[in-house]
Amino acid sequence: MQRYSNQRIVYLDLLRVIATFIVIFRHVCSIEFYHSPLSLDWCIASIYNFLVPKAAPIFVMISGALLLNPYKEVTYRDILKKRIPRLLLVYVFWALLYVLYGFALRGFNEFTLWRLFRRAIVIPCVHLWFLPMLMGVYLLTPMLRKIAKDNKLLHYVLIIWIVYVFVSFFQFVEAFQLVRHFYSLFNMNIIVGFSGYFLLGYFLSRQDFSKRQRIWFYLLGIAGASVIIFATFHIAVSTGEANERYFTNLSIQVVAMATALFVLVKELAPKCGTQTLKFVDFVRKDLFGIFLTHMLWVPIVNTTTLRHCCSEVITLPLIAIIIFLLSLFTTKLIRLVPGLRKVVE
């Protein structure tokens with residue numbers, strides 16, 4: 001069983017680095033996804049896109065592993081006076097900044113203050129949806145901690161959640177009309193849905209899995225990725241359109257992939273070399289800032305010219321690495337400004 005202490009847990013830091021890079025990598029790949037389905041570039045970008053789990057579940061699982069830790073004190077005051085206001089400040093600042101940035105890229109055409117605030121609230125930048133969701137999960141943390149303390153209740157809730165997520169797979173299958181109707185009647189909203197990942201992260205963090213169990217997790221993760229790739233290509237061939245319906249955050253395939261990655265990193269982290277650990281230690285305080293700032297660089301770096309200078313097998317990871325490093329540099333600069341440090345921490 002995972003022992004907790006006041007010291008940081010290395011494998012969770014490593015997971016945060018990986019998840020942050022996945023966010024950037026998927027945003028680099030996704031620009032190709034809805035254009036020219038079944039072209040060679042689309043196939044490469046799609047396979048890259050679906051070989052890694054979505055990052056949001058990983059981030060929530062990490063938060064669950066930390067905040068549901070019975071040895072860590074998490075009070076209502078801490079949530080309502082510290083965590084929620086901090087995230088709200090960050091959300092408002094970056095939502096407004098990204099809308100301004102979008103107007104700037106278009107030469108401030110049709111700019112008005114009303115459009116600025118409306119777009120910041122209604123259609124914020126693509127990755128900022130994560131912050132309101134996380135605030136909602138934080139508000140449920142006191143209840144989730146009570147669930148986490150009771151092993152039987154924890155197992156019960158996780159089983160119900162897994163079954164519900166599994167059933168959601170069939171809502172897209174025409175033959176399962178009754179299941180689709182059931183799912184629409186008992187639809188799980190995003191905050192409650194991600195609470196399952198919160199509990200799952202805590203559960204996985206406190207288990208020592210055998211080699212056979214780990215292999216099963218990895219096989220399920222591979223199966224999840226295979227289903228996503230096969231189903232997405234099947235839709236593209238059948239309809240000529242790209243669709244990510246089998247790659248939603250609350251799908252059984254993504255649960256399997258996220259769980260496999262969590263277990264894999266937990267197993268491999270103790271074997272990491274000194275240089276890897278030094279890099280993780282160097283960037284770990286800037287990862288939230290990298291997540292927030294990377295979309296400033298994506299429109300600039302992720303250009304057609306750079307993407308097609310050679311095979312996308314090479315350029316897509318290379319562009320993601322460049323954006324990661326530029327976002328790291330940007331975050332470290334912002335942290336030097338006392339009045340702005342809070343918007344990247």
Exercise. Given side chains that start at C-beta, do those of S195 and L144 come closer than 4.5 Å, heavy atoms only?
Worked result: yes
For this session: Carefully, step by step, assess E345 and R335 under the rule salt bridge (Lys or Arg N to Asp or Glu O under 4.0 Å).
Result: CA-CA 8 Å; E345 292 183 340; R335 285 168 63 88; 3.3 Å; yes
For this session: Kindly determine whether R26 and E244 satisfy salt bridge (Lys or Arg N to Asp or Glu O under 4.0 Å), including the steps that lead there.
Result: CA-CA 13 Å; R26 294 199 65 253; E244 284 189 297; 3.1 Å; yes
For this session: Specify the closest pair of heavy atoms between Y101 and L296, including all atoms of both residues, with the distance to one decimal.
Result: OH-O, 2.5 Å
For this session: Taking all non-hydrogen atoms of both residues into account, name the closest pair between L89 and K342 and its distance.
Result: CD2-CB, 4.2 Å
Exercise. Roughly how far apart are T20 OG1 and F291 CZ, rounded to 0.5 Å?
Worked result: 8.5 Å
For this session: Give a yes or no on whether L131 and W129 share a hydrophobic cluster (residues Ile, Leu, Val, Met, Phe, Trp, Tyr; joining criterion: side-chain heavy atoms under 4.5 Å apart).
Result: yes
For this session: Using atom types as modelled and distance alone, determine if a side-chain donor or acceptor of T259 lies under 3.5 Å from a backbone N or O of A256.
Result: no
Exercise. Less than 4.5 Å apart, any side-chain heavy atom of L154 and any of L199?
Worked result: yes
Exercise. Do I323 and V28 have side-chain heavy atoms sitting under 4.5 Å apart?
Worked result: yes
For this session: Look up atom CZ in F203 and atom CE in M61, then write down how far apart they are to the nearest 0.5 Å.
Result: 11.0 Å
For this session: Using distance alone, with no hydrogens and no angle criterion, decide if R145 and N69 have a side-chain donor and acceptor under 3.5 Å apart.
Result: no
Problem set entry | Heavy-atom donor-acceptor pair, R83 side chain to D78 backbone, under 3.5 Å | no
Seminar exercise, completed: Scanning both residues in full, the closest heavy-atom pair of T330 with W297 reads OG1-NE1, 2.9 Å
For this session: Evaluate the side-chain proximity of R245 to I235: yes if any heavy-atom separation is below 4.5 Å, no if none is.
Result: yes
For this session: Could you tell me which non-hydrogen atom of V227 sits nearest to which non-hydrogen atom of Q253, and how far apart they are?
Result: CG1-CG, 4.0 Å
For this session: Check whether any side-chain N or O of S251 sits under 3.5 Å from a backbone N or O of F247 as a donor-acceptor pair, and report yes or no.
Result: no
Problem set entry | Interatomic spacing from CG in L134 to CD1 in I84 - rounded to 0.5 Å | 7.5 Å
Exercise. So W161 and Y156, ring-ring contact (aromatic ring centres under 6.0 Å, His included) or not? Walk me through it.
Worked result: CA-CA 9 Å; W161 180 70; Y156 172 79; over 10 Å; no
Problem set entry | Test item: H294 and H127 side chains (from C-beta on) under 4.5 Å apart, heavy atoms | yes
Exercise. Are side-chain N/O atoms of E267 and Y218 paired as donor and acceptor at under 3.5 Å?
Worked result: yes
